[in-house]
Amino acid sequence: MKNDASFFDLVYDVVRLIPSGRVSSYGAIAKYLGTAKSARMVGWAMNAARALPDVPAHRVVNRVGLLSGKNHFAHPKRMQELLEQEGVEIKEDRVLHFTKIFWDPEKELSL
DNA sequence: CCATTGACTTAAG
DNA sequence: CCTTAAGCCAATG
């Protein structure tokens with residue numbers, strides 16, 4: 001059996017766990033995976049995640065709640081719309097109440 | 001193999 | 001939270 005637990009697969013696994021109406025950050029996910037300094041790699045993984053329907057990449061934003069990845073979606077507005085559909089308020093491409101709806105895998109999963 | 005790039009983060013101002 | 005600078009690591013050319 002080949003456990004091809006690639007970095008990407010691990011990222012997908014965490015991102016899939018993000019509940020609706022919540023958002024997480026690349027750094028938080030990276031840290032959870034043990035590669036805290038490779039937050040960029042999480043973004044890179046997300047780039048590949050576009051092909052995967054199970055990976056809600058729109059719930060992953062940067063550390064200040066900025067929709068840094070919106071430009072990589074089908075349409076730049078897509079990410080904001082998806083988040084708003086889940087009850088996340090967006091203003092100027094930024095998540096409102098970011099600290100409140102922020103979902104940290106290290107905290108939420110280790111409780 | 002070396003250079004560039006990127007959906008980031010942190011530190012300092 | 002804004003800007004500038006530097007660090008980080010994998011993929012891509």
Side-chain angles (χ1 to χ4, degrees):
Chain A
M1 52 185 203
K2 40 192 165 119
N3 246 335
D4 295 5
S6 301
F7 182 75
F8 306 117
D9 294 316
L10 297 176
V11 174
Y12 305 148
D13 212 26
V14 177
V15 174
R16 267 189 281 251
L17 293 174
I18 302 175
S20 179
R22 294 283 198 123
V23 292
S24 189
S25 68
Y26 303 96
I29 297 170
K31 188 179 181 189
Y32 179 72
L33 298 178
T35 56
K37 297 179 178 180
S38 307
R40 294 180 129 150
M41 304 297 88
V42 177
W44 209 276
M46 299 269 86
N47 194 16
R50 293 193 312 164
L52 306 177
D54 295 346
V55 181
H58 58 271
R59 291 183 191 152
V60 184
V61 295
N62 74 357
R63 71 173 173 96
V64 295
L66 185 66
L67 282 60
S68 44
K70 68 169 189 172
N71 202 22
H72 292 260
F73 279 76
H75 299 291
K77 301 288 183 180
R78 186 64 176 169
M79 189 173 186
Q80 178 172 340
E81 290 178 352
L82 288 170
L83 286 170
E84 287 180 334
Q85 286 176 21
E86 305 201 343
V88 179
E89 299 177 86
I90 310 293
K91 187 69 174 184
E92 298 287 304
D93 295 332
R94 278 173 302 211
V95 177
L96 299 183
H97 318 294
F98 176 63
T99 55
K100 293 186 178 183
I101 66 175
F102 177 70
W103 186 84
D104 187 346
E106 289 231 88
K107 290 185 176 182
E108 303 293 336
L109 298 180
S110 65
L111 283 177

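Proteins come first, then strands; the chains are lettered A, B, ... in the order of their sequence lines, and each starts at number 1.
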J.: With a 4.5 Å heavy-atom cut-off, do Glu81(A) and His75(A) have their side chains touching?
T.: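 When only atoms from C-beta onward are counted, His75(A) and Glu81(A) do not touch, as no gap falls below 4.5 Å.
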
J.: What does the B/S/- profile of nucleotides 3-13 of chain C look like, 5' to 3', with a 4.0 Å heavy-atom cutoff to protein?
T.: ----BBBSS--

J.: Assign Ala45(A) to base, sugar-phosphate, or nothing according to its heavy-atom contacts below 4.0 angstrom with the strands shown.
T.: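 The answer is nothing, as Ala45(A) stays clear of every strand by at least 4.0 Å.
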
J.: Counting only side-chain heavy atoms from C-beta out, which of dT9(B), dC1(C), dA7(B) sits nearest to Val64(A)?
T.: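 Nearest listed nucleotide: dC1(C).
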
J.: Asp93(A): what forms a salt bridge (Lys or Arg N to Asp or Glu O under 4.0 Å) with it, not counting sequence neighbours?
T.: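 Lys70(A).
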
J.: Apply the hydrophobic cluster definition, ILVMFWY joined by side-chain contacts under 4.5 Å directly or through others, and give me every member besides Ile101(A).
T.: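 Via sub-4.5 Å side-chain contacts, Ile101(A) links to Val23(A), Val61(A), Leu67(A), Phe73(A), Met79(A), Leu82(A), Leu83(A), Val88(A), Ile90(A), Val95(A), Phe98(A), Phe102(A).
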
J.: Expressed as a whole number of angstroms, how long is the span from Arg50(A):CZ to dG6(B):P?
T.: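 So the two atoms are 14 Å apart, to the nearest Å.
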
J.: Over how many whole Å does the gap from Leu67(A) atom CG to dC1(C) atom P extend?
T.: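 In whole Å, dC1(C) P lies 14 Å from Leu67(A) CG.
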
J.: If we only count heavy atoms from C-beta on, is the Leu33(A) to Met41(A) side-chain gap below 4.5 Å?
T.: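 Side chain of Leu33(A) against side chain of Met41(A), heavy atoms only: no contact under 4.5 Å found.
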
J.: Please name the residue in the list Tyr32(A), Tyr26(A), Phe8(A) that meets the side chain to side chain contact (heavy atoms under 4.5 Å, CB included) test with Val42(A).
T.: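 It is Tyr26(A); the other options fail the test.
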
J.: Are there over 12 heavy-atom neighbours, none belonging to Arg78(A), within less than 6.0 Å of that residue's CZ?
T.: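 No.
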
J.: Using a 4.0 Å cut-off on heavy atoms, which residues in residues 70-100 of chain A reach DNA chain B? List them by number, or say none.
T.: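 Residues of residues 70-100 of chain A that come under 4.0 Å of DNA chain B are, in numerical order, His72(A), Phe73(A).
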
J.: Clusters formed by hydrophobic residues whose side-chain heavy atoms approach within less than 4.5 Å: which one holds Leu66(A), and what are its other members?
T.: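 For the cluster that includes Leu66(A), the remaining residues are Val64(A).
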
J.: Would you classify Asn47(A) as touching base, sugar-phosphate or nothing, given that sugar-phosphate means primed atoms plus P, OP1 and OP2, and contacts are heavy atoms under 4.0 Å?
T.: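 Asn47(A): base contact, heavy atoms under 4.0 Å.
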
J.: Please enumerate all residues that pass side-chain hydrogen bond (donor to acceptor under 3.5 Å, both in side chains) together with Glu84(A), with sequence neighbours excluded.
T.: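 Counting only residues at least two positions away or on another chain, Glu84(A) forms a side-chain hydrogen bond (donor to acceptor under 3.5 Å, both in side chains) with Gln80(A).
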
